[in-house]
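Side chains are part of it too, since the values below use all heavy atoms of this structure and drop only hydrogens, waters and symmetry mates.
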Amino acid sequence: MTAERVSAAFRELYGTAPEGVWAAPGRVNLIGEHTDYNDGFVLPLALPQTARAAVARRADGLLRLHSSDVPGGPVELSLDRLGGRPDRGWAGYPAGVVWALREAGHPVTGADVHIESTVPTGAGLSSSAALEIATALALSDLFGLGLSRLELARLGQRAENTFVGVPCGIMDQTASACCTRGHVLHLDTRELTSRQVPFDLAAAGMRLLVIDTRVRHALADGAYAARRASCEEGARALGVPALRDVDSAELRSALGRLADGTVRRRVRHVVTENQRVAETVARLEAGAIRAIGPLLNEGHASCRDDFEVSCPELDLAVGAAGRAGALGARMTGAGFGGSAVALVEEEDAGRVAEAVAEAFATAGHREPRVFSAVPSAGARRLL
Ligand code: GLA
């Protein structure tokens, strides 16, 4: 889907040309799961799949939102009455961004928006962050707000937390706003400082497969919020601002001070996962891409056993990929369904994908969708 096509669809819909077309990608997280709301570390990469937004300003306080994925005409909202939390489906994400911009005092006076997205929805690949960041970048450019990439990410998170009502961390929005081609983004979610770490799979003769189990998770449901609450309880019990502050050298003694078994396991996941992120970065920076495989496997086991956010389909995908020769594999994103990633030698990619599909067929699951994640650019203006 080209920017010109998105622009033409806008013209057909609204009867005038858009002022521009912007794109923002979905993401997969290489490692660092459920660490972002613990002030910890994450390592996502942007996908080539993007949400593309054709946008024109309005001056009359009206917001019109349209998506090619949804039948019917544009959703019309009045900027004066954006508050509250009615379920607006996909439109809640761009509308939430406009709400957050205005809440922050930015003079956004209305807009016509048409969006086309190639980011699979409900697959744990941050299709909603892509919508938010494409909209935020477009409005920042058009209204001359000059927002930094990190400010765009914060606005997107605010829209999602407060307007849509999903208590997510800041990883997905930052990945969509800040990632660069050929890199993973090493983000410190407390300081909001980041570093681009080279992840040139093609040059190394490798691929990162994304395995979409097509089991749909609902982030807004209680499981994610419950994990957050357990982590906060753990931090409180240990007397630290966040689990990021638990030193891995003192993990054993910290765990000994936690009475609740569930909280203990949640804490162990977060602390060891932060360590795995650091170790993954060290290996990547040493040029040892293959050596991160075992860390991915350990990360999955920790998500499955200690954080309990995997599901049978994800475990099957990870197990089958490993047996077929993947160097490492793990669930990615919030879990409870969604996608896994598997690091494979280029020549093994087909075999691994087939083995996973076969395992799913044997188990009576829906056929998974498998594609290669090419580390791609973050949000940008296309036209
Ligand atoms: C979702 C959230 C992120 C992060 C991941 C888990 O993708 O949006 O903020 O918490 O889950 O790592």
Side-chain angles (χ1 to χ4, degrees), residues 24-47 124-130 132-133 149-162 164-179 183-197 217 219-220 223-235 240-246 248 266-281 295-296 299-300 302-303 306-310 330-336 338-339 341 378:
R27 63 97 190 93
V28 284
N29 189 18
L30 185 59
I31 196 159
E33 223 62 84
H34 291 274
T35 48
D36 63 351
Y37 52 81
N38 292 295
D39 281 2
F41 300 87
V42 294
L43 204 59
L45 55 131
L47 294 171
L125 301 175
S126 296
S127 59
S128 50
E132 289 155 9
I133 298 303
R149 297 277 155 161
L150 275 175
E151 284 169 321
L152 296 176
R154 275 213 204 87
L155 272 165
Q157 187 198 17
R158 176 117 209 277
E160 194 143 339
N161 286 171
T162 311
V164 182
V166 176
C168 64
I170 193 136
M171 167 170 70
D172 306 344
Q173 291 78 8
T174 311
S176 188
C178 301
C179 280
H183 294 86
V184 280
L185 182 77
H186 185 207
L187 174 70
D188 176 333
T189 67
R190 171 178 280 166
E191 307 298 337
L192 290 184
T193 51
S194 65
R195 213 149 38 103
Q196 305 286 346
V197 179
H217 65 249
L219 249 198
Y224 184 90
R227 297 302 179 285
R228 257 193 106 131
S230 292
C231 290
E232 281 157 20
E233 195 185 323
V240 290
L243 293 184
R244 158 357 171 347
D245 300 303
V246 179
S248 59
R266 305 296 187 252
V267 169
R268 185 166 56 194
H269 166 74
V270 174
V271 176
T272 58
E273 185 80 348
N274 277 329
Q275 232 184 322
R276 281 186 289 273
V277 172
E279 188 55 39
T280 302
V281 169
L295 297 166
L296 303 184
H300 183 74
S302 182
C303 281
D306 276 353
F307 220 65
E308 296 179 278
V309 287
S310 189
R330 58 179 292 277
M331 54 154 279
T332 185
F336 317 111
S339 300
V341 287

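- In this structure, the side chain of T35 engages the main chain of F41 through a donor-acceptor pair within 3.5 Å.
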For this session: Please test I31 against E279 for side chain to side chain contact (heavy atoms under 4.5 Å, CB included), starting from the C-alpha separation and ending with a verdict.
Result: CA-CA 10 Å; I31 196 159; E279 188 55 39; over 6 Å; no

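- Judged purely by atom type and a 3.5 angstrom limit, T332 uses its side chain to pair as donor or acceptor with the backbone of N29.
- Between S176 and A129, the shortest heavy-atom distance links the atoms OG-O, 4.1 Å.
- To the nearest 0.5 Å, atoms CZ (R227) and NE2 (H34) are separated by 7.5 Å.
- Under a 4.0 Å N-O distance rule, the pair R244/D39 does not qualify as a salt bridge.
- The main-chain N or O of A177 is found under 3.5 Å from a side-chain atom of R149 such that the two form a donor-acceptor pair.
- Listed here is the closest heavy atom pair of E308 and F336: O-CE2, 4.1 Å.
- Inter-residue side-chain proximity for L243 and R266 is flagged as unmet; no heavy-atom pair is nearer than 4.5 Å.
- A 4.5 Å side-chain heavy-atom check between D172 and E160 finds every atom pair outside the cut-off.
- For H183, the side-chain contact (heavy atoms from CB on, under 4.5 Å) partners at least two apart in sequence or on another chain are T180, Q196, P198.
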Problem set entry | Test side chain to side chain contact (heavy atoms under 4.5 Å, CB included) applied to R154 and I170, step by step | CA-CA 7 Å; R154 275 213 204 87; I170 193 136; 3.8 Å; yes

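- Residues passing the side chain to side chain donor-acceptor pair (under 3.5 Å) test with S302 are H269, R276, sequence neighbours excluded.
- Contact check for L296 versus L30: side-chain heavy atoms found under the 4.5 Å cut-off.
- Of all heavy-atom pairs between C231 and Y37, the closest is SG-CE1, 4.1 Å.
- Remark: the backbone N or O of M171 is paired with a side-chain donor or acceptor of D36 at under 3.5 angstrom.
- By the 4.5 Å heavy-atom criterion applied to side chains, V42 and V277 are not counted as neighbours.
- When all heavy atoms of H300 and S310 are compared, the closest pair comes out as CE1-OG, 3.5 Å.
- Of all heavy-atom pairs spanning R27 and G124, the tightest one is NH1-O, 2.8 Å.
- The side-chain heavy atoms of S248 and T272, taken from C-beta on, include no pair separated by under 4.5 Å.
- Looking only at distances, no side-chain donor or acceptor of N274 sits under 3.5 Å from a matching main-chain atom of V271.
- Of all heavy-atom pairs spanning F307 and V270, the tightest one is CE1-CG2, 3.9 Å.
- To the nearest 0.5 Å, atom CG of residue L43 and atom CG of residue L185 are 8.0 Å apart.
- In this structure a side-chain-to-backbone donor-acceptor pair under 3.5 Å is missing from E132 to Q157.
- Between E33 and R330, at least one side-chain N (NZ, or NE/NH1/NH2) sits under 4.0 Å from a carboxylate O, which counts as a salt bridge.
- For the atom pair T174 OG1 and L187 CG, the distance stands at 5.0 Å (nearest 0.5 Å).
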